[in-house]
Asks: 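Mind looking over this structure? Questions follow.
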Amino acid sequence: GKLNEVYPISSSLIEDGRENLVLRGGKNSLDILCPVRLIHNLEDKEVPAETSVRLAECISSPDVVVNMPKFGTLGVSESIDQCFSATPDTYNPRYEIVDEN
């Protein structure tokens with residue numbers, strides 16, 4: 001959407017959101033076992049990029065790739081190609097997130 005666009009928000013949307021707070025479950029709390037590819041543009045002004053990292057941590061699958069392109073739609077196109085061709089053995093991220101726990 002556009003930044004200054006008005007979106008109607010209903011009470012049922014708010015209630016549904018409260019029932020589906022998936023990021024509060026913690027590490028491996030989402031029983032998703034298939035490969036997952038998350039693409040989050042670093043220029044996103046509405047949702048912080050850290051949300052994708054938190055979501056990836058909640059997913060149980062060992063095959064989760066988070067790609068965060070920096071440069072508009074060109075970076076997103078490259079990221080889509082990279083994510084869908086990625087396997088745990090071939091994915092070469094530009095940045096690595098290290099779990100310090």
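All residue numbers refer to positions in the sequence shown, counting from 1.
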Asks: Say you draw a straight line from CZ of R54 to CZ of R24; how long is it, rounded to the nearest 0.5 Å?
Replies: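 Here the rounded value is 8.5 Å.
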Asks: Taking only residues two or more places apart in sequence, or in another chain, which ones meet S10 in a side chain to side chain donor-acceptor pair (under 3.5 Å)?
Replies: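 Partners of S10 under the side chain to side chain donor-acceptor pair (under 3.5 Å) test: S12.
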Asks: Can you find a pair of side-chain heavy atoms, one from P69 and one from N67, that are under 4.5 Å apart?
Replies: yes
Asks: Tell me every residue that passes side-chain contact (heavy atoms from CB on, under 4.5 Å) with S61, counting only those two or more places apart in sequence or in another chain.
Replies: I59, D63, V64
Asks: Quick one: list whatever passes side-chain contact (heavy atoms from CB on, under 4.5 Å) with N28, sequence neighbours left out.
Replies: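 With sequence neighbours excluded, N28 shows a side-chain contact (heavy atoms from CB on, under 4.5 Å) to S60, given in chain and number order.
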Asks: I'd like to know if the side chain of H40 and the backbone of V47 have a donor-acceptor N/O pair within less than 3.5 Å.
Replies: yes
Asks: Restricting to side chain to side chain donor-acceptor pair (under 3.5 Å), what partner residues turn up for D16, sequence neighbours left out?
Replies: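 Once residues adjacent in sequence are excluded, the partners of D16 under the side chain to side chain donor-acceptor pair (under 3.5 Å) criterion are N20.
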Asks: Using a 4.5 Å cut-off between side-chain heavy atoms of Ile, Leu, Val, Met, Phe, Trp and Tyr, which other residues end up in the same hydrophobic cluster as L33?
Replies: none
Asks: Given side chains that start at C-beta, do those of L23 and L55 come closer than 4.5 Å, heavy atoms only?
Replies: yes
Asks: Are the side chains of V53 and M68 in touch, meaning some heavy atoms are under 4.5 Å apart?
Replies: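 SC-SC contact between V53 and M68 confirmed.
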Asks: At their closest point, which heavy atom of V22 faces which heavy atom of C58, and how far apart are they?
Replies: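 Reported closest heavy-atom pair: O-SG, 3.9 Å.
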Asks: Under the side-chain contact (heavy atoms from CB on, under 4.5 Å) test, which residues partner I14, sequence neighbours left out?
Replies: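 Applying side-chain contact (heavy atoms from CB on, under 4.5 Å) to I14 gives I9, R18.
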